[in-house]
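To start, the structure itself, in structure tokens.
Computed over heavy atoms, backbone and side chain alike; hydrogens, waters and symmetry mates excluded. Residue numbers run from 1 in the order of the sequence given.
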Amino acid sequence: MLLNEFLREHREVQELQAAVAQQQKSFQSRLEARGKEIALRTSGLRKIDAQFELRKPEQQLAFKNHRKRFVVTREFFTGEQPC
């Protein structure tokens with residue numbers, strides 16, 4: 001009787017260990033997928049940031065005056081002639 005109880009408990013422990021191993025594997029694969037997704041999105045954001053940095057010198061400041069819109073460029077403030 002004692003041996004049967006031991007074997008039953010041992011079998012339950014093995015089943016639980018197998019379940020935990022499966023959950024760990026599943027979690028690890030989802031974690032890797034999320035890591036790849038984050039890396040992909042980060043690279044996309046870096047590309048957008050690089051494009052934004054390239055546009056900075058050409059940025060314009062916009063001022064609104066009641067009904068008209070005036071666009072003031074950096075040349076206006078520095079006195080340089082546009083090329």
For residues 2-22, pull every pair meeting salt bridge (charged side-chain N to carboxylate O under 4.0 Å, His left out), keeping only residues two or more places apart or in separate chains. none
What pairs meet the salt bridge (charged side-chain N to carboxylate O under 4.0 Å, His left out) rule with one or both residues in residues 26-36, with sequence neighbours excluded? Arg34-Glu37
Identify, with sequence neighbours excluded, every residue that meets side-chain contact (heavy atoms from CB on, under 4.5 Å) alongside [X].
X	result
Ser29	none
Leu16	none
Gln17	Val13

Other hydrophobic cluster members with Phe6, side-chain heavy atoms of Ile/Leu/Val/Met/Phe/Trp/Tyr under 4.5 Å, chained?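 Leu3, Leu7, listed by chain and number.
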Is a side-chain donor or acceptor of Thr42 paired with a backbone partner of Ile38 at a separation under 3.5 angstrom?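 Between the backbone of Ile38 and the side chain of Thr42 there is a qualifying donor-acceptor contact (under 3.5 Å).
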